[in-house]
Protein chains: 2
Amino acid sequence: MACIKDVAAEAGVSVATVSRVLNDHPSVSTEARTRVLAAVETLGYRPNAVARSLRTDQTRTLGLVISDVLNPYFTELARSVEEEARALGYSVIIGNADERPELQDHHVRTLLDRRIDGLLVSPTDGGSPGMLDAARAGTPMVFVDRWIPGLDVPVVRADGRTAVRDLVAHLHGLGHRRLAIIAGPAATTTGSERVAAFREALAAYGLTLPDAYTGQGDFQAESGRRVTEEFLDLAEPPEVVFAADNLMALGALDAVRARGLRVPDDIALAAFDDIPWFVHTDPPVTAIAQPVRELGRAAVRALVDRIEGRPPQSVTLPARLVVRRSCGERPDPNHPHMNVTQRSNP
Amino acid sequence: MACIKDVAAEAGVSVATVSRVLNDHPSVSTEARTRVLAAVETLGYRPNAVARSLRTDQTRTLGLVISDVLNPYFTELARSVEEEARALGYSVIIGNADERPELQDHHVRTLLDRRIDGLLVSPTDGGSPGMLDAARAGTPMVFVDRWIPGLDVPVVRADGRTAVRDLVAHLHGLGHRRLAIIAGPAATTTGSERVAAFREALAAYGLTLPDAYTGQGDFQAESGRRVTEEFLDLAEPPEVVFAADNLMALGALDAVRARGLRVPDDIALAAFDDIPWFVHTDPPVTAIAQPVRELGRAAVRALVDRIEGRPPQSVTLPARLVVRRSCGERPDPNHPHMNVTQRSNP
DNA sequence: CCTCCTCGTGGAATCGATTACACGAAGGAT
DNA sequence: ATCCTTCGTGTAATCGATTCCACGAGGAGG
């Protein structure tokens with residue numbers, strides 16, 4: 001593989017001049033520039049990013065550590081992050097923590113070892129030592145979706161409060177009174193906030209959320225299944241199950257089907273995080289949709305601001321309710337879009 | 001950030017000794033070793049992977065360029081690739097080509113600039129110039145899922161021939177005779193092979209695949225929708241639509257639903273690539289499942305073999321048919337697993 | 001005509017690691 | 001006692017870029 005010295009030799013100039021041409025530094029003669037460019041062409045030279053990074057102390061790379069790649073929500077987030085980063089001239093390296101703190105730590109450490117310029121994190125359960133160290137050490141960092149209180153790290157997330165209120169209003173309007181939730185890990189902000197928002201919204205209707213109706217999940221399908229079975233085993237099962245993420249909703253669907261029961265007739269279901277498949281499940285699932293693309297873009301912008309010395313901004317975007325049939329009502333025919341697969345390439 | 005010189009100073013030894021300790025070279029005294037380790041501890045030193053890579057000319061990193069992250073098939077592939085790579089001491093950088101050759105090129109180039117040790121590629125439509133150059137230049141490379149004929153690059157993939165035959169047998173047994181396919185891009189191997197396998201299987205039953213029943217898709221949901229609409233507009237629409245990937249199946253489902261028709265009563269549906277959601281769609285979708293995890297592992301092993309100087313092996317694993325209800329039959333009660341969400345963490 | 005700038009250029013230091021080579025001390029064999 | 005290994009260590013070269021500094025040429029201004 002040709003290096004800068006080879007190019008210099010081929011062009012009959014010094015490596016300094018080659019470097020200047022490559023970084024289009026102003027003081028290079030047109031003569032030299034064309035000769036260098038020609039040499040680059042004939043040798044098929046490409047600068048070594050490793051060497052460049054070592055010298056300049058910047059990699060133009062962002063790290064993104066997400067909690068679970070298999071969750072379509074995070075997949076889409078990852079995609080929009082990469083898209084925006086690319087537009088700003090950065091690459092992205094994704095680390096999948098699989099909801100395991102030690103794996104999150106592994107990725108944070110690996111990314112830091114590679115001297116990425118900044119880190120985007122959706123922290124797992126309470127964070128992990130390495131991640132907290134990194135935050136305190138002043139690594140440029142932005143939390144996305146989930147965050148950890150008490151750290152001076154900007155947060156980009158969606159606020160589901162209003163949407164959850166809308167959901168509860170919808171459910172109450174359909175006559176449901178016994179509402180249950182499958183929560184995420186209490187140590188994650190999304191885990192606890194969604195429960196809090198739900199409880200708050202219930203209170204507005206004079207309803208409470210008994211412990212028996214608060215199942216502890218871990219954002220994975222299996223836990224949704226387990227918790228739903230527990231609900232169904234109760235002397236007085238809930239009329240509605242609200243899953244705090246889409247995978248647990250999938251598990252809930254499994255559990256209901258395994259008992260030979262039907263949604264929404266026997267039990268209603270709603271989920272946090274909308275995904276294209278929810279349009280085609282049996283029945284289509286009512287869900288709370290986050291503005292994922294915008295979240296990803298905002299997160300990248302905040303991080304790049306921080307990296308390039310501008311003050312980064314925390315951002316909170318509203319989530320919205322998408323009503324389908326899993327809670328018992330027909331979708332409004334005036335809003336046919338709610339019933340169609342979301343496009344991935346708008 | 002502390003560097004090796006700081007550690008050497010703190011421990012009262014030379015940088016060479018520090019380096020030897022870190023790479024556990026045998027000839028270091030226990031004395032020196034403990035002093036270095038202590039210094040590493042107190043300074044919180046972590047070796048700079050960039051500098052190390054520059055010197056050793058290896059990054060212990062694999063590049064993975066996939067055609068579409070939003071496709072659950074590739075997401076799962078990416079996950080299993082990362083898992084196996086991590087087990088072998090490698091990191092993975094994922095590039096999402098979004099089925100666009102120029103984006104694929106962008107990622108290949110970026111990855112090569114970073115001097116990754118090897119490349120795993122699922123080439124988009126016919127490959128891209130940069131990718132072909134890389135292959136010919138001798139970059140350690142392995143194709144996964146899709147490949148490009150005529151290149152001396154090992155291929156790890158699933159063979160769907162048998163499963164497609166099983167599918168056609170199943171369909172024929174249900175009385176279907178007018179079978180159509182939504183194909184992927186003809187320039188991709190998976191695009192053309194699946195059509196060929198389908199046509200071949202039909203021939204065994206004395207059936208043909210007319211042009212009108214061969215729709216041209218691009219592996220995206222939108223194309224599945226469009227092609228299905230074309231099928232439905234025919235004077236004699238097909239009785240079955242076989243989508244060559246899961247996203248096009250989703251689009252087909254959209255189109256059928258938009259017409260107010262029902263699967264399988266009005267038209268049957270089957271798909272290549274099984275995903276957890278197919279269990280819960282309305283109706284559950286009959287699909288051909290690839291052994292994705294094994295594919296990912298085999299691909300990484302082949303690539304690492306190639307990188308580390310062992311002869312790499314091409315691998316072909318069989319896909320299998322998973323019968324559900326979208327073609328008109330009840331699932332066999334003796335095989336209840338076919339009706340349950342696949343676990344992501346077995 | 002002399003001085004001062006600006007411009008284009010090259011030499012060499014530098015980033016943070018690894019590693020070939022040299023060297024001295026210690027131990028074993030003769 | 002002498003020589004040869006072996007062992008532990010340090011010095012310095014090296015990887016491939018960027019960039020500070022010095023230098024010579026040429027033009028402008030006095």
Side-chain angles (χ1 to χ4, degrees), chain A residues 1-40 43-61 89 91 109-117, chain B residues 1-40 43-61 89 91 109-117:
Chain A
M1 187 126 249
C3 76
I4 198 171
K5 237 184 283 185
D6 304 326
V7 177
E10 172 81 16
V13 296
S14 73
V15 294
T17 299
V18 176
S19 176
R20 279 189 275 255
V21 171
L22 264 31
N23 297 281
D24 39 35
H25 187 284
S27 82
V28 183
S29 66
T30 324
E31 238 274 20
R33 181 180 310 275
T34 50
R35 287 235 304 284
V36 167
L37 260 21
V40 164
L43 296 177
Y45 169 77
R46 301 239 75 210
N48 184 325
V50 174
R52 192 200 290 255
S53 295
L54 178 61
R55 186 56 236 254
T56 61
D57 200 37
Q58 53 161 325
T59 51
R60 295 205 70 83
T61 300
S91 299
R109 241 189 281 278
T110 308
L111 290 167
L112 258 28
D113 286 353
R114 287 164 178 274
R115 301 300 192 266
I116 47 141
D117 294 340
Chain B
M1 187 128 247
C3 77
I4 197 170
K5 237 184 284 184
D6 303 325
V7 176
E10 172 81 17
V13 296
S14 73
V15 294
T17 300
V18 175
S19 176
R20 279 189 275 254
V21 171
L22 263 31
N23 296 282
D24 39 36
H25 188 286
S27 87
V28 183
S29 66
T30 325
E31 239 277 14
R33 182 180 308 275
T34 51
R35 286 236 303 285
V36 167
L37 260 21
V40 165
L43 296 178
Y45 169 76
R46 301 239 76 209
N48 183 325
V50 175
R52 192 200 293 254
S53 296
L54 177 61
R55 185 56 235 256
T56 60
D57 199 37
Q58 54 163 324
T59 50
R60 294 204 72 83
T61 300
S91 299
R109 241 189 281 278
T110 308
L111 290 167
L112 258 28
D113 286 353
R114 286 165 179 275
R115 301 301 191 267
I116 46 142
D117 295 339

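Order of the sequence lines fixes the chain letters, A, B, ..., with proteins taken first and strands second; residue numbering starts at 1 for each chain.
- With sequence neighbours excluded, the residues forming a side-chain contact (heavy atoms from CB on, under 4.5 Å) with B/Asn23 are B/Ser19, B/Arg52, listed by chain and number.
- Between B/Val7 and B/Val15, the closest side-chain pair of non-hydrogen atoms is not below 4.5 Å.
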(request) Heavy atoms under 4.0 Å is the rule here; annotate nucleotides 9-17 of chain C 5' to 3' with B where the base is hit, S where only the sugar-phosphate is, and - elsewhere. (result) BBB-BBBBB
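- In terms of the side-chain contact (heavy atoms from CB on, under 4.5 Å) criterion, residue partners of B/Arg33 (sequence neighbours excluded) are, by chain and number, B/Val21, B/Asp24, B/Val28, B/Leu37.
- Where the helix from C/dC1-D/dG30 to C/dT30-D/dA1 starts and where it ends, the local axes point in directions that differ by 50°; five pairs per end, rounded to 10°.
- Contact annotation: the side chain of B/Val13 approaches that of B/Arg35 to within less than 4.5 Å [non-hydrogen atoms, C-beta and beyond].
- Annotation: side-chain hydrogen bond (donor to acceptor under 3.5 Å, both in side chains) contacts of A/Arg109 (sequence neighbours excluded): A/Asp105.
- Looking at A/Glu10 and A/Leu43, their side chains come closer than 4.5 Å, going by heavy atoms from C-beta outward.
- With sequence neighbours left out, the side-chain hydrogen bond (donor to acceptor under 3.5 Å, both in side chains) criterion links A/Asn48 to no other residue.
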